[in-house]
Amino acid sequence: MLVNYHDPRHVYIVCGNTDLRKGIDTLAILIADNFGMNLYDDSIFLFCGRRIYRFKGLYWDGEDLYYFINALRMVS
């Protein structure tokens, strides 16, 4: 299933280093407990690790919870 990235109302980037070994459940708890936000609020949450080119993301589209894992690469 493809995600329409134009639909979310907000994109939140969590500042600081997040342990990217954490799974989907732990990241969802982190959003609720540390930030007092609702995961199901039509928003994308991005978590950065120690390396600035790696991140994870969570997105709820109303039916499914998407879990993104990505690493950006520099091309010269």
Side-chain angles (χ1 to χ4, degrees):
M1 175 178 248
L2 297 175
V3 177
N4 185 355
Y5 295 105
H6 299 288
D7 282 344
R9 292 185 302 175
H10 300 99
V11 176
Y12 295 103
I13 300 173
V14 178
C15 297
N17 296 330
T18 304
D19 186 0
L20 293 184
R21 295 176 294 178
K22 294 181 179 179
I24 190 169
D25 296 330
T26 308
L27 292 176
I29 291 170
L30 183 74
I31 292 168
D33 290 348
N34 290 2
F35 304 110
M37 302 181 83
N38 187 3
L39 177 64
Y40 309 107
D41 192 24
D42 194 26
S43 301
I44 294 178
F45 295 90
L46 298 175
F47 300 88
C48 298
R50 286 191 182 269
R51 297 181 181 145
I52 60 173
Y53 58 87
R54 289 188 181 170
F55 66 91
K56 285 188 176 181
L58 293 177
Y59 172 59
W60 174 259
D61 72 346
E63 295 180 13
D64 298 313
L65 182 63
Y66 295 93
Y67 182 56
F68 303 96
I69 302 172
N70 203 347
L72 302 175
R73 297 183 187 164
M74 293 190 64
V75 178
S76 55

Student: Can you see which heavy atom on G49 is nearest to which on N17, and at what distance?
Tutor: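 In this case the closest contact between G49 and N17 is O-OD1, 3.4 Å.
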Student: Does F35 have any ring pair (Phe, Tyr, Trp, His ring centres under 6.0 Å) partners at least two apart in sequence or in another chain, and if so, which?
Tutor: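 Result, ring pair (Phe, Tyr, Trp, His ring centres under 6.0 Å) vs F35: none returned.
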Student: Measure the shortest side-chain to side-chain distance between I31 and F47 over non-hydrogen atoms and say whether it is less than 4.5 angstrom.
Tutor: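 Heavy-atom side-chain distance check passes, below 4.5 Å.
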Student: With sequence neighbours excluded, what pairs up with Y67 under the side chain to side chain contact (heavy atoms under 4.5 Å, CB included) test?
Tutor: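 By the side chain to side chain contact (heavy atoms under 4.5 Å, CB included) rule, Y67 matches I24, L27, K56, L58, I69.
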Student: When the ring planes of Y59 and Y66 are compared, do they come out parallel, tilted or perpendicular, using 30° and 60° as the limits?
Tutor: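 Rings of Y59 and Y66: parallel, under 30°.
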Student: Pairs in or reaching into residues 12-23: which pass salt bridge (Lys or Arg N to Asp or Glu O under 4.0 Å), with residues at least two apart or in two chains?
Tutor: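 Residue pairs with at least one partner in residues 12-23: D19-R21.
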Student: Restricting to ring pair (Phe, Tyr, Trp, His ring centres under 6.0 Å), what partner residues turn up for F45, sequence neighbours left out?
Tutor: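 F45 satisfies ring pair (Phe, Tyr, Trp, His ring centres under 6.0 Å) with Y12 once adjacent residues are dropped.
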Student: Hydrophobic clusters here meaning ILVMFWY residues chained together by side-chain heavy-atom distances under 4.5 Å, can you tell me if I29 and L46 are in one?
Tutor: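 As far as the 4.5 Å side-chain criterion goes, L46 and I29 are not connected within one cluster.
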Student: Suppose the criterion is salt bridge (Lys or Arg N to Asp or Glu O under 4.0 Å): which pairs have a residue in residues 27-45, not counting sequence neighbours?
Tutor: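 For residues 27-45, and leaving out neighbouring residues, the salt bridge (Lys or Arg N to Asp or Glu O under 4.0 Å) pairs sorted by first residue read R9-D41.
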